[in-house]
Amino acid sequence: MILLQVIAALPVMFAVPEPVVNWTDAGHNALRLEVPEREDFSAECLKNGLELRYRFEMRVCRRRMLWTDGCDAARVQIQSVQYDPISEGYRVSIDLIGDKESPKVTHMQSESEAMGLALRIPSVALSEIGYSTQRFPAEKEPYIGIRVTADCKGDYNETISQISSFITLGLLEVGSTDSGWVDFRLTP
Amino acid sequence: MVNRKKRVLVWWRKSGMGLRLTFFLLAIGLLASLLALQHPQEDTQYAGRNLLFFILVNLNVIIICVLAFLIGRNVVKLIFDRRRNILGAKLKLRLAVAFVALSMVPTVFLFLLASGLLNRVMEGWFSNQIERSVTGAVEVARYHFATLKENTQSVAERIAGEISALPNGQSTEQLADWAEARRKEAALYGLRLIRQDGEPIFKVFNAAASISTFREPELDSGALQKALDGARNVLYEEHDASQYVRAYLPIQFAGQAAALVATTRVNPELVQALGVVNDSYKEYEQLKLFRMPIKSSVLLTLGMITGLILFAAIWIGFYIAREIAVPIQRLAEGTRAVAKGNLDFQIRVAGDDEIGLLVQLFNQMTADLKASREDVQQRRLYIETILSNLAVGVIGLDTSGCITSINSAAAELFSLADPASMFGRQWKEALRPEIVEQISPLLEALASVGADPEELAVREHELSVAAGGRELKVVCTLGRIIDSRQRVLGTVLLFDDVTELTKAQHMSVWREVARRIAHEIKNPLTPIQLSAQRLKRLIADSDQSQSVHECAQTIVENVDSIKRLANEFSNFARMPTAEFTLGNLNTLIADAIAPFAESHSDIVFQFIADSRMPELSMDREQIRRCVMNLVDNAIAALERDSAGASRAEGPKIVVRTYYDKRTKLASIEVADNGPGVPDSDKTRIFEPYFTTKPSGSGLGLAIVTSIVADHQGKIRVYDNKPRGAKFIVDLPLAPKVQTQRRLASA
C-alpha cells in the first residue's frame, strides 16, 4: 500500500518548486523571493493538520576556475503554515534562524493569504545575506545561491517518509521537495 | 571432551565466508541502528539523516538478501542431496522441516493474531465514538473561541458606540482614563484607538502587559488598515506563549475615520486546554491520513520480524540437523568402510554430547577391531609359519571338500609346483588320482561318522606315493575339525613320510636277524671246521685220501665261506659307533676314489669339489667306506652294462661335492652312466641283502644307509641324465646328537 502511494505520488513528488528571485529596487540592494504554490501538495498537507514548511536558504558564492565555488554560510529562514481547527484559521510562522528571536506568528483566516505570506520573502537585503562589494568584487563573478525546501511535517509523516525511503532504498522522500541550489547572478 | 570455546572456534572456522559475511553485516546493521537511535538527527540536517537512512536501508536489504540466499542455497542443496540419496540428507531434511514447521506454525499464528489485533485496534482508533469525541471537543473549543471572539467584538462595538457618543474636546488624558475604566469594566487586556495616520489616540492595557513576556503583540497592519478602511475583523493573535483575540472595528472619532482595537487575552488555562484539543485534533487527522501507511508499516515490521524468526528457525534447524546428521552420516560411512575392511577409518567429529560419545565409541570399536585383526593375522602367520616348517604335510579341507590350507611339506610330497593355486579347489582335482583313490574311502568313512562327539574323529592309513622317481611310504591321518558347538568345520589331513623310518625299522630288524643268524651259524661252524681238518689229517696217508681230501677241502672252503658270510652279517649287525671329528670332505673323497681310478683305467673318474665346502663333523672312516661302497657299486654297474656300447661316451663316474649355505647341508653325489636303477628297485636297493650283483652280499648300500643315518643325513637315488644312476648323500655340517647304536653288539 505504501508503495502504491509512493508510486501514485511520484509526479507530485518530483515536481520541484522553482524559486523566483527578483530585485526589489533599482539599486539592486535587496531581493524578493517567491515560490510557486503547489496546491495539491499544500492542500493535502494543511487539510490533515500537518505543518507545511518552507525553508529558504540564501548564500553568496564566488566562481572559481579550477575548484568548487566558494560559498559563505547560508541565511536560513523558515516559513510555515498550519491550519488551526479551533480558530478555523491559518497560523503562519516566520523564523529567521540565528537571530535569537522568537518566530513571528500570524493568524489568518484565508488560506490564500496565509500561503501568500509563507511562500514569499518580500525583501532581503544583500547585506543580510553577507554580500559586499569589497568581499565579492565583480571580477569574481559573485552570485546568490538560493534553495527552497518544502516539506509537510508531522509525527506520522516522519515514519512514513522513513518507510518510503526504506522501500525505495533511500531514493525517495515522501512529503518533501527540494529545489536544489539555484544561482542568481548579481552582476550582469 | 571438547570444551565449548574450542567448539565455537572450530564452528567459526568451518562456517565459511557466507555465514561470516552475514554475521558481519548483521552486526554492522545493528550498530548503525543503535547509533541512529542514540543520535537522532536535527531536522535541518537532511543530508546526514538521509545518508544514514540510506545506509541502514541498504544494509537491511542486503542482510535479508544474503540470508535468503544462504537459506535458499541450503534448501536447494538439501533437496538435491535428498534426490541423490546422499547419506544423511533424509535425516537433515526431516529435522529441518520439523524445525521450520514447529516454528512456522506459532510464528504465523502469532503474526495473524497480531495483525488482526492491530487491525482491530487501529479501527478502534477511528470508531464513531472517537470521531465524535474529537470532533465534539473541537466543536466545543471552536464554540468557546467563537464566543470569545463575539464577546470581544460586541464589547468593542459597545465601546465604539460609547466613544462615538463622547463629547468633543476631550483631552487625551481624559480619553485614556475613560478608556481605562471601560477596559477594566469590559475585562479587556488592551484597548486602543488608532487614527487614520496610524497614530494611537489612546492606548490602555492591562498592567501585566508591562511585563515583556505578557506584552500584547503588535497590531496587525493589514487588519488595522482594513478597519481604517471601514471593515471590521476579529483576529486571533499570539505572541510567545500568550494568545489574544483582537477586534479591529472602524469608528468615527472627531469626524475622522479611526479604528478601535480591543484586545482580549485568552486565559492561559484555556489556551492550554485549547492547545490540547487542537493538538489532539491534528493528531487524529494525521492518524486518519496515515492510517493505512501506519498499518502497513507496522504489518511490514511485523512481517520482517516474522520473517527473521522464520529465517532464524530455518537456520537453526539446518544447523541442528547438520549437527545431528553429519555425525550419523559419518558413522554410516565409517560402518561401510569397516565392512569393506578399512579399519583405519576414524571419524573426526568434535562434540561432548551423546552423538560425540557414539562417535568415540565407534572409533574405539574400529581400533579394537583393527587390533584384533592384527592379532588374528599374527596368529595366522604364526600358525602358517609352524605349518610351513612342519616336516609333516598338512592339507585342510572345508565342509565342501575345498582346500583351505596346504603347507610346503605337503606340496613337496605331492610334487605340487604352485601350492597357492590349490586354495579353493576341490581336493579331488588338486591331488593325483592314485592318491585320491587311496584317500577317498577314508574321507567317506570319516564323513559317515558325522559330528558325534563319542566317535573317534581320526582315521589313519598308510599310502604309497610316487614322488621324485621314488615310492614313498606315507601315513595319512585324517581328523575332523569341530568347533565348540559340535559343528563340523572341515577336515585336516596329515601326511607323514615314514619311508626313512620304515627303512630304518627294516634295517633294525635286519640287523637283529643278521645278529642272530650270525650268532647261530657261527657256533656250529667251528666244530665242523675242526672236524673237517681232523679228518683231513687222518686220511692223509690212505688210498682214498685224495677223494676224502677233496671232500674235506670242500667242507673247509664252504665253512670258510659261510663264516665270511656270518662275519659280514655280524659286521652289519654290529656297526661301530661313529666318532665325529672335523675334517675336510673334499680331501677325504679324493683319497677314497684315488685307488679306484688307478685300478680301473678303463673308467673315467671325475671329481668336482666345491671349494666353499667347510669342514664337516664326521666319522672319516665311515664316510670313506660309504664313498667307497658307492663308487664300488658304480663300477660294478658299469662292468655289467651290456648296452654300454651304445653310450655316447665311455664309462664314466663323476663324484661331486657341494655345500648348500641355506640348509647347511654338504652333499656328495656319485653319478655313473651305466644302466641305472629301475624305478621298482629304487626303494629296495637300500634294504639289507638286496642285490642285483651276481656275487653281492646285498649289504653294501645297507651299510651306506646305516652310516648316513648315523650322520643324520639322507641318501637318495635318481636317474642320471642321459643314462645311469646318481646317488646323493646329504650330510649336516654338525650332527646335533651323537648317534647311539640301537642294537646291542651281538
Side-chain angles (χ1 to χ4, degrees), chain A residues 1-6 44-51 53 55 57 76 78 82-91 93 97 101-109 113 117 149 151-176 178, chain B residues 43-44 46 49-58 60-61 134-135 137-146 149 217-218 220 222-223 233-241 243 245 274-275 277-279 281-301:
Chain A
M1 179 57 81
I2 296 171
L3 192 56
L4 286 176
Q5 284 182 342
V6 167
E44 190 68 24
C45 186
L46 297 173
K47 185 182 75 177
N48 293 290
L50 300 172
E51 184 184 11
R53 190 165 70 170
R55 177 188 170 97
E57 294 177 76
V76 180
I78 297 175
Q82 190 171 20
Y83 175 70
D84 184 355
I86 295 175
S87 63
E88 294 181 285
Y90 294 86
R91 180 177 181 275
S93 167
I97 304 296
E101 287 185 13
S102 302
K104 295 185 179 59
V105 179
T106 310
H107 287 257
M108 292 180 171
Q109 291 302 118
E113 286 179 4
L117 201 61
T149 310
D151 64 84
C152 196
K153 293 299 294 180
D155 296 335
Y156 299 104
N157 192 24
E158 189 75 31
T159 306
I160 298 306
S161 69
Q162 290 176 3
I163 292 172
S164 298
S165 292
F166 172 79
I167 291 172
T168 58
L169 300 178
L171 294 175
L172 291 177
E173 286 280 341
V174 176
S176 68
D178 189 346
Chain B
D43 286 347
T44 55
Y46 292 113
R49 185 189 64 181
N50 284 345
L51 179 63
L52 179 64
F53 225 70
F54 185 73
I55 292 171
L56 287 175
V57 160
N58 278 286
N60 284 329
V61 173
V134 172
T135 311
V138 170
E139 288 294 330
V140 167
R142 197 176 286 167
Y143 174 79
H144 192 87
F145 185 76
K149 283 173 69 176
E218 292 299 321
D220 187 287
N233 48 89
V234 182
L235 296 181
Y236 176 71
E237 297 176 12
E238 65 180 85
H239 179 70
D240 292 335
Q243 295 179 0
V245 175
L274 290 176
V277 171
N278 194 8
D279 292 340
Y281 179 79
K282 285 180 195 171
E283 197 172 316
Y284 180 75
E285 287 297 314
Q286 289 178 32
L287 204 61
K288 269 182 26 180
L289 175 67
F290 297 112
R291 177 170 56 181
M292 285 311 294
I294 290 171
K295 193 189 292 186
S296 305
S297 68
V298 174
L299 285 175
L300 185 71
T301 307

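All figures in this text were calculated on a predicted structure; none of them were measured in a lab.
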Enquirer: Checking the side chain of R142(B) only, and the main-chain atoms of P85(A) only, is there a donor and an acceptor separated by less than 3.5 Å?
Expert: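 Confirmed, R142(B) side chain pairs with P85(A) backbone.
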
Enquirer: Under a 4.5 Å heavy-atom cut-off, does chain A meet the side chain of D220(B), its backbone, both or neither?
Expert: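 When you check distances to chain A, only side chain atoms of D220(B) fall under 4.5 Å.
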
Enquirer: F145(B): what forms a ring-ring contact (aromatic ring centres under 6.0 Å, His included) with it, not counting sequence neighbours?
Expert: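 ring-ring contact (aromatic ring centres under 6.0 Å, His included) list for F145(B), sorted by chain: Y236(B).
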
Enquirer: With chain B, which of V76(A), D84(A), V105(A), I86(A) has the greatest number of heavy-atom pairs at distances under 4.5 Å?
Expert: I86(A)

Enquirer: Of all of E88(A), Q109(A), H107(A), which one pairs up most often with chain B through heavy atoms under 4.5 Å apart?
Expert: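 Winner by heavy-atom pair count: H107(A).
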
Enquirer: Does Q82(A) form a side-chain contact (heavy atoms from CB on, under 4.5 Å) with R53(A)? I'd like the steps, not just the answer.
Expert: CA-CA 9 Å; Q82(A) 190 171 20; R53(A) 190 165 70 170; over 6 Å; no

Enquirer: Against chain B, label S102(A) side chain, backbone, both or neither, depending on which of its atoms sit under 4.5 Å from a heavy atom there.
Expert: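 It is the side chain, since no backbone atom gets that close.
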
Enquirer: Who passes salt bridge (Lys or Arg N to Asp or Glu O under 4.0 Å) against R91(A), sequence neighbours left out?
Expert: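 Salt bridge (Lys or Arg N to Asp or Glu O under 4.0 Å) check on R91(A) returns E238(B).
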
